[in-house]
Amino acid sequence: MENDCLCDGYAEGRYVLPLLPYDMTALEPLLDAETVSIHHSKHHAAYVHGANIAAETLRKIAAGEEADKWTTSATQNFAFNLGGHLLHSLYWENICPVSLPLPEGKLAEALRTSFGSPECFLSMFRNVCLGVQGCGWGVLGIEPISRRLVIWGVLRHQDVLVPGFRPLLVCDVWEHAYYLRYRNDRAAYLDAFLRQVNWQVVEERFNHCCMCHE
Ligand SMILES: [Fe+2]
């Protein structure tokens, strides 16, 4: 991961909960303040806490202070919670209080290459998000071998992902992300989400990844 915003999620040897880049009420009409507050201060915070616990357990095992038998469960817990921390950190940054126009320039060109057009990408991304079974994420990112853009339907926080994949746009489709406002209507949440994507941030992530490979 080379996304700059993720630096706010780690300090002094521990994972930390980054501040939201806007007020709790700012994401209307996409999300209400109660959803944002619970999602950030309870769910995201729990993943931060879980990542720290798992990392500490692994440190103790390495130091001989904890039994080896906990290695497997600690690595699994670490992947789940760190994945949650990472994806939520990206999520808060890639939605915004206003509706921005679809990207132009290099990102638009890459979307056209991989999906036909930015509009076609939106439709495919929506379908992938809609089709995630149970808890998971829709993720647009750069596939590390061909360098083309691809969309994944990620299960939980860490399943069905290619190593080295660079996420550019993530959408949380766990029910806690939308249930207070949209109940079981994930499609309505997705329509609102896609109207409030922070394309500026997505474009910055894309440009950053491209720069790192020039
Ligand atoms: Fe979430």
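Just follow the structure's listing: the first ligand is 1, and inside any ligand the first atom is 1.
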For this session: Test H44 against W92 for side chain to side chain donor-acceptor pair (under 3.5 Å), laying out the working first.
Result: CA-CA 10 Å; H44 188 169; W92 300 123; 3.1 Å; yes
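- Protein N/O/S atoms closer than 2.8 Å to the Fe ion (ligand 1), listed by chain and residue number, are H39 NE2, H88 NE2, D172 OD2, H176 NE2.
- No hydrogens or angles considered: nothing links the side chains of H88 and H43 as a donor-acceptor pair under 3.5 Å.
- Counting heavy-atom neighbours within 6.0 Å of Q133 CD, excluding the residue itself, gives a total of 12 or less.
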Exercise. Going through the checks in order, is the ring-ring contact (aromatic ring centres under 6.0 Å, His included) test met by Y178 and F193?
Worked result: CA-CA 10 Å; Y178 60 89; F193 173 91; over 10 Å; no
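- Within the 4.5 Å cutoff, no side-chain heavy atoms of E56 are placed close to those of N52.
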For this session: Would you check, one step at a time, whether the test side chain to side chain contact (heavy atoms under 4.5 Å, CB included) holds for L102 with F121?
Result: CA-CA 11 Å; L102 284 171; F121 156 71; over 6 Å; no
